[in-house]
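Quick one: this structure, given as structure tokens, is what I'll be asking you about.
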Amino acid sequence: MKILVLNAGSSSQKSCLYEIQDNIPENPPKPIWSAQVEWRPEVAKIKIKTATAELQQDISASHSETIAYLIDSLHQGTTKVINDLSEIDVVGHRVVHGGKEYQSSVVITQAVIDTIQQLATLAPAHNPVNLKGIEAIQEHLGDIKQVAVFDTAFHSHIPDEKAIFSGAYEWVSQGIRRYGFHGISHQYCTQRAAKILGQNLDSLRLINCHLGNGCSLAAVKNGRSIDTTMGFTPLDGLMMGSRSGAIDPGLLIHLLRQENYTPETLDNLLNKSSGLLGISGISGDMRQILGAISQGNERAKLAYDIYIHRLRYYIGAMLASLQGLDVLIFTAGVGENSPDVRFSVCEAFGFLGLLLDNQKNHNHPVDINIAAPESKVKVLVIHTQEDWQIACECFKLH
Ligand code: ADP
């Protein structure tokens with residue numbers, strides 16, 4: 001079965017074509033075709049890769065025309081991997097917000113499209129782009145089966161006392177609650193961890209640290225997320241590249257009253273110029289923060305220290321929700337690539353009997369346990385593969 005995956009963010013889109021034979025393989029295969037689009041004003045910067053070819057192209061085209069270009073590249077030119085578009089069996093989409101409505105992946109119908117549209121008020125930067133992708137596929141591939149895989153779904157069983165905010169009771173009926181995000185990655189990494197350890201996922205208590213540009217933790221028990229750090233929006237919880245994470249809500253009232261902030265300036269401040277970038281004044285990229293620290297930059301050091309403190313603080317919160325810990329997982333850009341961050345975080349949890357193997361930690365680990373043999377908690381570094389997870393969901397629903 002050939003599965004096309006569209007994983008659209010607010011300013012970029014990753015796409016992959018996977019082939020799954022009779023069963024989902026034990027280890028994720030490489031896609032047979034992959035593409036990356038960066039949407040810039042007036043131009044789409046496209047990179048396409050197959051086993052034998054690489055193509056880079058800037059095109060001036062609408063969203064739908066760009067998807068048409070990608071689809072054409074599947075069966076034409078140097079990046080051709082199929083003879084005919086009819087070989088594609090199903091198209092899977094990452095959809096950021098599934099609200100209370102969707103607790104698992106679904107086959108897309110007009111009713112599903114309408115609901116994703118209604119949920120756009122909860123995810124204005126994401127759900128509309130996800131819909132554009134669904135509509136472009138309808139336009140170019142006709143009535144092919146499409147599947148929506150939601151970032152919120154994995155968290156949809158978080159118990160009420162952890163999901164409901166301690167504000168107005170009316171918020172519950174207004175849909176204001178903790179939804180959580182990065183669910184596709186949290187689900188993939190925790191399932192993968194159980195496979196790597198050769199243990200039953202249901203018997204493990206895990207914390208997954210997804211540390212990319214956006215950062216969140218999930219506490220997973222019986223294979224389900226039971227707590228997470230992102231909330232009603234992806235702004236809650238950990239300090240991130242350019243997002244503040246949780247801050248005193250009274251501070252927002254102060255800024256609105258005393259400093260003449262508007263919703264737009266607050267949005268911009270908290271989402272785009274806070275976090276590592278805001279505190280360091282240098283960058284939201286952890287590599288640059290670490291580089292600046294090695295040059296003696298004090299604001300970069302402060303940014304790093306806050307980032308680590310917040311991580312330890314929320315791991316503590318997840319520990320309390322889980323009432324114990326068997327596996328700590330690091331994933332995404334920072335989690336997979338920064339031994340410094342992993343060391344700084346783990347250092348605080350020696351009291352649990354958690355001990356890192358320093359050599360393994362520094363040896364570019366991928367999908368392995370980097371805890372010392374005597375450690376009471378396993379520490380895994382896992383390469384997150386959201387697109388593969390989406391393909392697997394499509395396979396199950398086909
Ligand atoms: P996204 O959340 O956009 O999918 P990624 O998961 O790719 O992002 O993470 C991107 C971030 O990963 C970068 O901003 C950078 O901070 C971090 N990163 C990548 N490589 C390294 C590295 N070698 N050391 C530290 N941080 C890294």
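Remember, it's 1-based here, ligands and their atoms both numbered in the order they're listed. All values derive from a computational prediction rather than experimental measurement. Starting from 1, each residue takes its place in the sequence as its number. No hydrogens, no waters, no symmetry mates; every other heavy atom, side chains included, goes into these values.
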* Look at Asp89 together with Lys145 and state whether they make a salt bridge at an N to O cut-off of under 4.0 Å. => no

* Asked: Looking at residues at least two apart in the chain, or sitting in another chain, which of them share a salt bridge (charged side-chain N to carboxylate O under 4.0 Å, His left out) with Asp340?
  -> none

* To do: Quick one: sort the His210 and His186 rings into parallel, tilted or perpendicular, breaks at 30° and 60°.
  => perpendicular

* Contact residues of ligand 1 (heavy atom under 4.0 Å), by chain and number -> Gly212, Asn213, Gly214, Asp285, Met286, Arg287, Ala332, Gly333, Val334, Asn337, Ser338

* **NZ/NE/NH1/NH2 to OD/OE distance under 4.0 Å, Arg40 and Asp58** => no

* Asked: Taking 4.0 angstrom as the limit, do Lys301 and Glu298 come out as a salt bridge?
  -> no

* To do: Classify the ring geometry between Phe165 and Trp171 as parallel (under 30°), tilted (30 to 60°) or perpendicular (over 60°).
  => perpendicular

